[in-house]
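Convention: sequence-line order gives letters A, B, ...; per-chain numbering from 1.
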There are 2 protein chains.
Amino acid sequence: MGKAPRPLSPEAIEQIARRFAALSEPMRLKLIHALFEGEKSVNALVEETGGTQANVSRHLQHLSQAGILARRKQGLQVFYSIADPTIYDLCELVCGSLEKRADQQAAVFAG
Amino acid sequence: MGKAPRPLSPEAIEQIARRFAALSEPMRLKLIHALFEGEKSVNALVEETGGTQANVSRHLQHLSQAGILARRKQGLQVFYSIADPTIYDLCELVCGSLEKRADQQAAVFAG
DNA sequence: TTAATATATGAGCACATACGTATATAGTTG
DNA sequence: CAACTATATACGTATGTGCTCATATATTAA
């Protein structure tokens, strides 16, 4: 017996797809990874990631609207931080799964 | 103190992004969801999802090459099944997170 | 007010990818 | 062998999205 799957409406499917899509771009993952250390300003993230200011700003907005990041404006600066704690677990799950795959591949080559 | 993030090489970031991208399309999520019930043939998945045979086949191959699905050929038919068990947890995490968000939205409208 | 700084946004280009139609391949049956 | 079935693939098209460059907005300081 498999697990009993929840019924999923087309709208729910769409929402889930959008959530995964938000996490499917390298620059956005870099930003999320940088924010694992804590709240940071746009400028700090621009310097840390090496991206252009425009691009970083757009990706941060994308993640913010997706509910993944929180936005706090203070004076001239805007600070972003992780808003959805499940992001940690999601990344851990995927990293773990990919590491296992890599290990298996390595074992194949090692004989 | 935040959690100590693992260092992530650009290649690792790319891999993670690809994994999330594989899960970012509604038709692929439909297929994965259908396979939560167990192994199924391409034709069964075509009928269940209502997609065209070509499109379903392409998405199945995509998921298979990503290591998410397993492929088993038997006579004329090809059977696909979930190969990476973390997929269950990934979907549960995202569903839970989105449900919580929806509840909060609902609470706002309910006053 | 003007100048300076931090962030956001508009326009256009380049590229990726999802889709349908048609066809190819592989395996089975007669 | 030919006919049939299940799956995969080639091709063209349409759409989405990431990126850069330039500019706009907002906030602070002089």
B:Arg71 side chain N/O closer than 4.0 Å to the phosphate oxygens (OP1, OP2) of D:dA8? yes

Expected output: side-chain B:Ser57 to main-chain B:Gln53 donor-acceptor under 3.5 Å: no

Inspect the contact between A:Lys40 and A:Glu48 and indicate whether a charged nitrogen and a carboxylate oxygen are less than 4.0 angstrom apart. yes

Relative to the 5' end of DNA chain D, which residue comes earlier, A:Asn55 or A:Leu76, by the nucleotide with the nearest heavy atom? A:Asn55

Just wondering, do B:Ile82 and B:Tyr88 contact through their side chains at under 4.5 Å, heavy atoms? yes

Less than 4.5 Å apart, side chain to side chain, heavy atoms only: is that true for A:Gln77 and A:Gln74? no

Check the distance between D:dT5's C1' and B:Glu47's CD and give it to me in whole angstrom. 13 Å

Roughly, in whole Å, what's the span from CG in A:Leu23 to C1' in D:dT17? 16 Å

Base, sugar-phosphate alone, or nothing: which one does B:Thr52 contact when heavy atoms must sit under 4.0 Å apart? sugar-phosphate

Can you tell me how far apart CG (B:Leu69) and NE2 (B:His62) are? Round to the nearest 0.5 Å. 10.5 Å

Rounded to the nearest angstrom, tell me the gap between atom CE in A:Met27 and atom P in D:dC19. 6 Å

Looking at D:dT17, does its base get a donor-acceptor pair with the side chain of A:Arg58 below 3.5 Å? no

Given atom CD of B:Gln65 and atom C1' of D:dT9, what is their separation to the nearest angstrom? 12 Å

Does A:Arg28 reach the main-chain N or O of A:Ala22 with its side chain, forming a donor-acceptor pair under 3.5 Å? yes

Separation of D:dC19 P from A:Glu25 CD (nearest whole Å): 7 Å

Think B:Tyr80 has a side-chain N or O under 4.0 angstrom from the OP1 or OP2 of D:dA8? yes

Rounded to the nearest angstrom, tell me the gap between atom CD in A:Gln74 and atom C1' in D:dA26. 15 Å

Grab the CD-C1' distance between A:Gln77 and D:dT25 for me, whole Å please. 17 Å

Within the structure, does a side-chain N or O atom of A:Lys73 lie under 4.0 Å from either OP1 or OP2 of D:dT27? yes

Could you give the start and end, 5' to 3', of the contact zone on DNA chain C for chain A, using atoms under 4.0 Å from its heavy atoms? C:dT5 to C:dA11

Would you kindly say whether A:Thr86 and A:Asp84 are connected by a side-chain donor-acceptor distance under 3.5 Å? yes

So what does B:Gln53 hit on the nucleic acid, given a heavy-atom distance under 4.0 Å: a base, only sugar-phosphate, or nothing? base

